[in-house]
Amino acid sequence: AQSVTQLDSHVSVSEGTPVLLRCNYSSSYSPSLFWYVQHPNKGLQLLLKYTSAATLVKGINGFEAEFKKSETSFHLTKPSAHMSDAAEYFCVVSRASGTYKYIFGTGTRLKVLA
Amino acid sequence: GAVVSQHPSWVICKSGTSVKIECRSLDFQATTMFWYRQFPKQSLMLMATSNEGSKATYEQGVEKDKFLINHASLTLSTLTVTSAHPEDSSFYICSASPSGQETQYFGPGTRLLVL
């Protein structure tokens, strides 16, 4: 069975400092992993995805994530936080069979302090 | 590219009425669309998977007669909340996958308030 765990429900950083949002997954095979961002009362926007190519994945808005199989992790990072990064972030693993249903993490709310 | 729209973005209705929400993939064809429900400050809960030209597959605990899903074309899926009640008030989000791909692209969501 697959699962995804977001280790922090809330993260606060100061503007201009690095961001680290942690995600661990469990899968019996090589998974596809995604990070999405959701701003208040909005839908989800795809930040980046890992699909068994390069382990370091670069996404939009300066975000990147590294797939580490040995640690079963897919942490999201950004070198310098911006106020506009304040949002909810979801780590997702996709089931490989059938209709590729998503399994969502519980989300991490990122707060950026001025 | 890969834009998904939802309409309406906001709807307020009286208890007992039905509400239809549309989900459209604007620049790609989507064999599969998904409908989610999101409660405040929670993650998304998958309600059903909508396949073009066939019956939707509902998740356990989701009443198919309550939440009617139609996926009549490769760019449009609709969710109808029948005989809505206050407990159906929620944020409903759809997503669509380009045919043959696993990445889902999400609509902006529809906020439903049932009075």
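Protein chains get the first letters and strands the later ones, always in sequence-line order, with residue 1 at the start of each.
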Would you kindly confirm whether [X] and [Y] end up in one hydrophobic cluster when ILVMFWY residues are joined by side chain heavy atoms under 4.5 Å apart?
X        : Y        : result
A:Ile103 : B:Tyr58  : no
B:Val62  : B:Val114 : yes
B:Val81  : B:Met47  : yes
A:Tyr25  : A:Leu7   : no
A:Met83  : A:Val11  : yes

Tell me the residues of residues 36-46 of chain B whose non-hydrogen atoms fall below 4.5 Å from those of chain A, in number order.
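Only B:Tyr36, B:Gln38, B:Gln42, B:Ser43, B:Leu44, B:Leu46 of residues 36-46 of chain B have a heavy atom under 4.5 Å from chain A.
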Quick check: do B:Trp10 and A:Asn41 have side-chain heavy atoms less than 4.5 Å from each other?
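No, every pair of side-chain atoms sits at 4.5 Å or beyond.
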Is any side-chain heavy atom of B:Pro108 closer than 4.5 Å to a side-chain heavy atom of A:Lys42?
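Answer no - side chains too far apart.
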B:Lys66 NZ: over 12 foreign heavy atoms closer than 6.0 Å:
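Check passes, neighbour count above 12.
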For B:His7, is the NE2 atom crowded, meaning more than 12 foreign heavy atoms sit under 6.0 Å from it?
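Count not over threshold, so no.
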Side chain, backbone, both or neither: which part of [X] has an atom under 4.5 Å from a heavy atom of chain B?
X       : answer
A:Gln38 : side chain
A:Ser9  : neither
A:Leu44 : both

Once the angle between the rings of A:Tyr102 and B:Phe106 is folded into 0 to 90°, is it parallel (under 30°), tilted (30 to 60°) or perpendicular (over 60°)?
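Ring orientation, 0 to 90° scale: tilted.
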Atom CD in B:Gln104, atom NZ in A:Lys101: separation rounded to 0.5 Å?
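Taking CD in B:Gln104 and NZ in A:Lys101, the distance rounds to 10.5 Å.
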Sort B:Thr31 into side chain, backbone, both or neither according to what part of it lies under 4.5 angstrom from a heavy atom of chain A.
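Nothing of B:Thr31, per the 4.5 Å heavy-atom cut-off to chain A.
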